[in-house]
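First the structure, in the form of structure tokens, and then the observations on it.
Just so you know, these numbers come straight off a predicted model, no measurement behind them.
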Amino acid sequence: MFLRCKVRRKDGKQHRYWSVVENTRVARGRVVQRHVLYLGEINDTQELAWRRSIEVLEEGSPQPRTLSLFPEDRGAGVLADASIVHVKLSQLQLRRPRQWGACWLALLLWQELQLDQFWSKRLGVSRKGTRWDQVLFVLVAYRLLAPGSEWRLHREWFQRSALADLLGEDAGLVEIHKLYRCHDRLLAHKQAVFDHLTRRWRDLFNISYDVLLYDLTSTYFEADPPFPEGDKRRYGYSRDHRPDCVQIVIALVVTPEGLPLAYEVLPGNTADKTTLRGFLERIEGQYGKARRIWLMDRGVPTEEVLAEMRAADPPVHYLVGTPKGRLTRLEKHLLAKPWQEARPGVEVKLLPQEGELYVLAQSRDRIAKERAMRRRQLKRLWARLKQLSTMQLTREELLMKLGAARDQSRTAWRLAVIEIAADSAAFSYRLDRNKLRRARSREGRYLLRTNLVEQDPAKLWAHYLLLVAVEEAFKNLKGDLAIRPVFHQIEARIEAHIFIAFLAYCLQITLARRLHALAPGLTPRSVLEKFAAVQMIDVHLPTTDGRELLLTRYTEPEPELNLLLKKLKLELPAQPPPKITAAPAPPTPL
């Protein structure tokens with residue numbers, strides 16, 4: 001990097017503007033230059049009236065002071081004045097590069113949701129001056145930008161970020177004991193957060209809560225029981241395919257736009273069908289008994305709960321998937337019904353029955369996708385079986401390799417008939433064509449049930465497809481926000497850890513809604529990565545009188561980011577004010 005001076009003549013006078021420029025070598029040995037930091041004008045004139053002054057916060061002084069900066073080799077003819085400072089440009093140093101752009105965007109989203117005001121009223125300040133609301137924001141921003149352990153946040157990440165500059169704090173904010181103590185203060189305010197976010201999203205995005213999506217997921221722990229009595233970490237059905245690990249279950253309610261309204265942490269052995277009734281009561285208490293449609297996947301509601309939803313006054317409307325066994329029972333009735341086109345590429349059959357409407361939907365695109373998946377699995381399984389048939393194996397080795405092949409291609413395995421000799425390692429295999437015929441007839445077809453008997457089938461199908469929003473929320477929590485591994489051992493802190501991940505997801509989905517309206521095609525993660533390219537750097541300029549001028553500057557955004565800022569209607573803040581050290585004390589006479 002080097003200093004570049006750009007000279008401009010204005011009103012017959014010469015002005016010099018300084019920048020920090022970086023050389024980058026590219027193909028064919030060429031060198032291109034990239035503008036990194038703009039330092040502004042450092043006076044080049046010899047007339048007092050031509051000076052360009054800046055506000056500088058002097059060390060030990062509560063108020064900024066106006067100073068005029070001159071290079072050490074210029075300004076010799078200027079009248080002597082205490083406000084004139086000569087800087088040694090030849091000794092300029094750049095120190096402490098740290099990530100600023102994504103941190104600033106996270107703070108902007110936090111303030112847009114008014115979570116800064118919400119938490120400042122509830123967490124307050126400790127007797128030693130700790131701002132617990134700012135500690136919480138650091139934890140949430142860390143989960144959003146670079147998720148990891150609290151120890152990593154304390155040891156290195158905070159120093160590599162510009163959060164201290166943005167919050168006006170120092171490293172004392174992330175002492176390890178403060179990060180843990182902050183977890184202990186959060187759960188009492190969980191319901192208040194749900195209410196606050198509901199109101200805020202209604203104001204920001206004009207969201208209605210007429211359609212709600214409900215689903216469950218689980219997350220596991222690398223921990224060994226036994227645990228204290230009543231601990232929620234239990235063995236149960238694992239959606240992560242880790243039945244060997246204890247887990248907890250997370251139940252989540254979101255809108256079709258993906259905005260989360262409420263969640264609950266449940267014991268790891270909780271059955272899905274036992275959770276719905278409690279959430280229905282909670283949402284009715286929060287939003288009233290309005291005409292609302294609940295979208296759920298099969299396995300969540302029981303027949304008893306569905307009957308209660310139909311019998312409620314007013315009825316609670318639902319649209320749910322059904323297990324494949326119900327399709328088998330209703331197949332004869334559905335065969336006699338004609339196909340109707342719900343929309344291009346989607347056909348439906350309608351079967352009214354006992355106050356409900358069964359909708360058999362068939363999607364042309366989904367048929368093609370599921371058949372391609374099944375063919376790939378069959379091709380892989382058949383190649384493996386052919387390979388095993390030529391290998392010299394013991395019976396035990398053969399059984400182990402067949403078990404591994406089944407794990408890799410479970411769907412295709414159900415369509416194969418494998419016969420193993422009773423006293424040798426010989427086996428035969430063939431395709432069960434009756435099972436294949438049944439599988440082909442059900443590919444791309446879904447049986448839905450609803451008590452919205454007057455609804456248009458095309459609208460019902462569109463509603464059911466919205467379930468992808470809750471699946472996307474779980475995907476982001478587990479992937480992008482890295483909700484696990486969970487390093488906490490105390491149950492309350494485990495739940496607080498999930499609460500922090502929930503708040504980080506709220507920032508992420510708020511950004512996603514902004515992008516949906518103003519910059520479609522971009523994902524929140526790609527935008528955060530673009531903003532993360534903006535760094536903050538400390539520019540140290542020694543002065544001729546032994547002091548040092550500190551210019552804290554964020555780097556110039558790339559043209560692509562400038563375009564994105566314009567699309568999102570965002571404006572970067574002004575650069576922080578410069579600071580200058582106090583003049584050295586005169587030597588004490590002997």
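Residues His154 and Leu179 meet the side-chain proximity criterion, which asks for heavy atoms closer than 4.5 Å. By the 4.5 Å heavy-atom criterion applied to side chains, Val534 and Trp104 are not counted as neighbours. A heavy-atom distance below 4.5 Å is not found between the side chains of Thr322 and Arg298. The shortest distance between side-chain heavy atoms of Arg371 and Arg374 falls below 4.5 Å. Between Tyr214 and Leu295 there is no side-chain heavy-atom pair separated by less than 4.5 Å. Looking only at side-chain heavy atoms (C-beta outward), Arg513 and Glu257 come within less than 4.5 Å of each other. At a threshold of 4.5 Å between non-hydrogen side-chain atoms, the residues Arg310 and Pro315 do not count as touching. Within the 4.5 Å cutoff, the side chain of Ile498 has heavy atoms near those of the Tyr263 side chain.
The existence of a salt bridge linking Arg233 and Asp231 is confirmed by a sub-4.0 Å separation between a basic side-chain nitrogen and an acidic carboxylate oxygen. The pair Arg239-Asp272 counts as a salt bridge, with a side-chain nitrogen and a carboxylate oxygen less than 4.0 angstrom apart. The pair Glu304-Arg277 fails the salt-bridge criterion, with no side-chain N (NZ, NE, NH1 or NH2) lying under 4.0 Å from an Asp/Glu carboxylate O. Ion pairing between Glu443 and Arg440 fails under the 4.0 Å rule for side-chain N and carboxylate O. Note on Arg442 versus Glu331: salt bridge recorded, some NZ/NE/NH1/NH2 to OD/OE distance being below 4.0 Å. Salt bridge present: Lys530 and Glu560 bring a charged side-chain N and a carboxylate O closer than 4.0 Å. A salt bridge links Arg326 and Glu303; the closest N-O separation between the charged side-chain nitrogens and carboxylate oxygens is under 4.0 Å.
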Next item on the list: Just do the salt bridge (charged side-chain N to carboxylate O under 4.0 Å, His left out) check on Arg445 and Glu347 with the steps written out, would you?
Entry: CA-CA 9 Å; Arg445 293 182 178 182; Glu347 295 179 316; over 6 Å; no
Margin query: Go through it in stages, so that I can follow the logic: the residues are Phe158 and Tyr142, the test is ring pair (Phe, Tyr, Trp, His ring centres under 6.0 Å), and I'd like the CA-CA distance, side-chain angles, deciding distance and then a yes or no.
Written below: CA-CA 8 Å; Phe158 187 78; Tyr142 176 57; over 10 Å; no
Item checked: Leu153/Ile176 under side chain to side chain contact (heavy atoms under 4.5 Å, CB included): CA gap, chis, key distance, verdict -> CA-CA 9 Å; Leu153 167 61; Ile176 190 65; over 6 Å; no
Margin query: side-chain hydrogen bond (donor to acceptor under 3.5 Å, both in side chains) for Arg384 and Gln387? Distances and angles first, verdict last.
Written below: CA-CA 5 Å; Arg384 182 57 175 163; Gln387 185 182 36; 2.5 Å; yes
Notebook entry, point to check: Between Tyr220 and Arg484, does a side-chain hydrogen bond (donor to acceptor under 3.5 Å, both in side chains) hold up when you go through it step by step?
Noted result: CA-CA 8 Å; Tyr220 62 92; Arg484 64 163 311 278; 3.2 Å; yes
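Side chain of Lys349 to backbone of Leu334: a donor-acceptor contact under 3.5 angstrom is found. In this structure, Glu495 contributes its side chain and His497 its backbone to no donor-acceptor pair below 3.5 Å. In this structure a side-chain-to-backbone donor-acceptor pair under 3.5 Å is present from Gln247 to Gly268. Under the 3.5 Å distance criterion, the side-chain polar atoms of Gln377 are matched with a main-chain donor or acceptor of Ala412. Of the possible donor and acceptor atoms, one in the side chain of Asn451 sits under 3.5 Å from a partner among the backbone N and O of Val316. For Arg395 (side chain) and Ser424 (main-chain N/O), a donor-acceptor pair under 3.5 Å exists by modelled atom type.
In this structure, the ring of Tyr318 has its center no less than 6.0 angstrom from the ring center of Trp294. Between Trp382 and Tyr429, the distance separating the two ring centers is shorter than 6.0 angstrom. Between Phe194 and Phe502, a ring centre-to-centre spacing shorter than 6.0 Å is recorded. Taking the six-membered ring where the residue is Trp, the centroids of Phe499 and His183 are separated by 6.0 Å or more.
In this structure, a donor-acceptor pair under 3.5 Å is present between the side chains of Arg366 and Tyr446. A donor atom on one side chain and an acceptor atom on the other are found under 3.5 Å apart for Thr217 and Lys478. Counting only N and O atoms by type, the side chains of Trp201 and Thr255 include no donor and acceptor under 3.5 Å apart.
Residues Pro352 and Leu357 share a closest heavy-atom pair of N-CD1, 3.9 Å. Leu415 approaches Ala439 most closely through the heavy-atom pair CD2-CB, 4.1 Å. Asp240 and Thr219 get closest at one heavy-atom pair: OD2-CA, 3.7 Å. Residue Gly321 comes nearest to Leu448 through the heavy atom pair CA-CD2, 4.3 Å, listed as atom of the first residue, atom of the second, then distance. The two residues Ala251 and Leu266 come nearest to each other via the heavy atoms CB-CD1, 4.1 Å. Listed here is the closest heavy atom pair of Leu276 and Pro301: CD2-CB, 3.8 Å.
For Thr450, there are no side-chain hydrogen bond (donor to acceptor under 3.5 Å, both in side chains) partners two or more places apart in sequence or in a different chain.
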Result block: side-chain N/O donor-acceptor pairs under 3.5 angstrom for residues 467-474, not counting sequence neighbours:
none

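For the atom pair CG of Leu335 and NZ of Lys337, the computed distance is 12.0 Å after rounding to the nearest 0.5 Å.
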